[in-house]
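Numbering starts at 1 and runs along the sequence shown.
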Amino acid sequence: LLENKDEEYFLLISAVGSPQRPPKQLDADSADTDIAFDRTDEDWLDTFSTPPYFIYPIHLSRMFLSAPTLAAALYLVLVHFLDHQYEMVFQHALSCVTDVKMQPHEREIWNRICRV
């Protein structure tokens with residue numbers, strides 16, 4: 001959690017590990033909503049030109065955050081899909097709009113969503 005001089009809050013999320021459901025054979029006790037972050041996924045890391053992270057502004061009410069970029073919105077959709085939070089998927093999907101060709105990291109996140 002970050003705060004600036006104007007007392008605005010931001011959530012900093014590392015995207016170094018690709019979000020995914022853990023394989024059942026690795027953790028038989030894991031729930032269907034468990035999410036693992038694979039930090040060795042080179043396909044994931046190779047699509048980012050800089051260290052992957054997202055900064056989400058938190059609304060003044062502190063009730064929700066917003067995605068400032070397409071990649072940030074897609075990342076939230078992916079994580080909520082993996083966690084079976086479909087209402088949140090729908091809410092964040094409304095921010096997933098572009099009229100230009102996707103960047104490689106955006107395309108990679110989109111491809112991961114399609115595989116959920």
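Side-chain contact between Leu1 and Ile58: present, with at least one pair of heavy atoms (C-beta onward) separated by less than 4.5 Å. Using a 4.5 Å cut-off on side-chain heavy atoms (C-beta onward), Pro68 and Ile55 make no contact.
Remark: Glu3 CD is packed, more than 12 non-hydrogen atoms of other residues, nucleotides or ligands lying under 6.0 Å away. Surrounding CZ of Phe90 are at most 12 heavy atoms belonging to other residues, nucleotides or ligands under 6.0 Å away.
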Less than 3.5 Å apart, which donor and acceptor atoms pair up between the side chains of residues 7-19 and the rest of the protein, not counting sequence neighbours?
residue: Glu8; atom: OE1; partner: Asn4; partner atom: ND2; Å: 2.6
residue: Tyr9; atom: OH; partner: Arg62; partner atom: NH2; Å: 3.3
residue: Ser14; atom: OG; partner: Val16; partner atom: N; Å: 3.3
residue: Ser18; atom: OG; partner: Gln20; partner atom: NE2; Å: 2.9
residue: Ser18; atom: OG; partner: Asp41; partner atom: OD2; Å: 2.9

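Residues meeting the salt bridge (Lys or Arg N to Asp or Glu O under 4.0 Å) test with Asp43, sequence neighbours left out: none. A search for ring-ring contact (aromatic ring centres under 6.0 Å, His included) contacts involving Phe54 returns Tyr75, not counting sequence neighbours.
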Quick one, Asp34 with Asp83, criterion side chain to side chain contact (heavy atoms under 4.5 Å, CB included). Give me CA distance, side-chain angles, the key distance, then yes/no. CA-CA 7 Å; Asp34 286 351; Asp83 200 29; over 6 Å; no

Checking Glu106 against Leu74 for the side chain to side chain contact (heavy atoms under 4.5 Å, CB included) test, could you report, in this order, the C-alpha distance in whole Å, the side-chain angles of both residues, the deciding distance, and whether it holds? CA-CA 7 Å; Glu106 296 165 340; Leu74 289 168; 4.1 Å; yes

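Of the inter-residue distances, the one linking Cys96 atom SG with Met102 atom CE reads 8.0 Å to the nearest 0.5 angstrom. Considering CG of Leu70 and CD of Gln103, their distance stands at 9.5 Å, rounded to 0.5 Å. Taking OG1 of Thr47 as the start and CZ of Arg112 as the end, the distance is 8.0 Å to the nearest 0.5 Å. Taking CG of Leu82 as the start and CZ of Arg115 as the end, the distance is 11.0 Å to the nearest 0.5 Å. To the nearest 0.5 angstrom, Tyr56 atom OH is 8.0 Å from His92 atom NE2. Annotation: the span from Gln85 atom CD to His80 atom NE2 amounts to 5.5 Å, rounded to 0.5 Å.
Across every non-hydrogen atom of Ala67 and Leu76, the tightest pair is CB-CD1, 4.4 Å. The two residues Arg21 and Phe81 come nearest to each other via the heavy atoms NH2-O, 3.4 Å.
Met88 and Trp110 sit in two unconnected hydrophobic clusters of ILVMFWY residues. Membership requires side-chain heavy atoms under 4.5 Å apart, directly or through other members. Connection of Leu45 to Ile35 is established within a shared hydrophobic cluster, with ILVMFWY side chains joined at heavy-atom distances below 4.5 Å, either directly or through further cluster members. Clustering ILVMFWY residues whenever any of their side-chain heavy atoms sit less than 4.5 angstrom apart, transitively, puts Tyr53 in a cluster other than the one holding Leu65. Note: the hydrophobic cluster containing Ile109 also contains Val116 (ILVMFWY, side chain heavy atoms under 4.5 Å, direct or indirect links).
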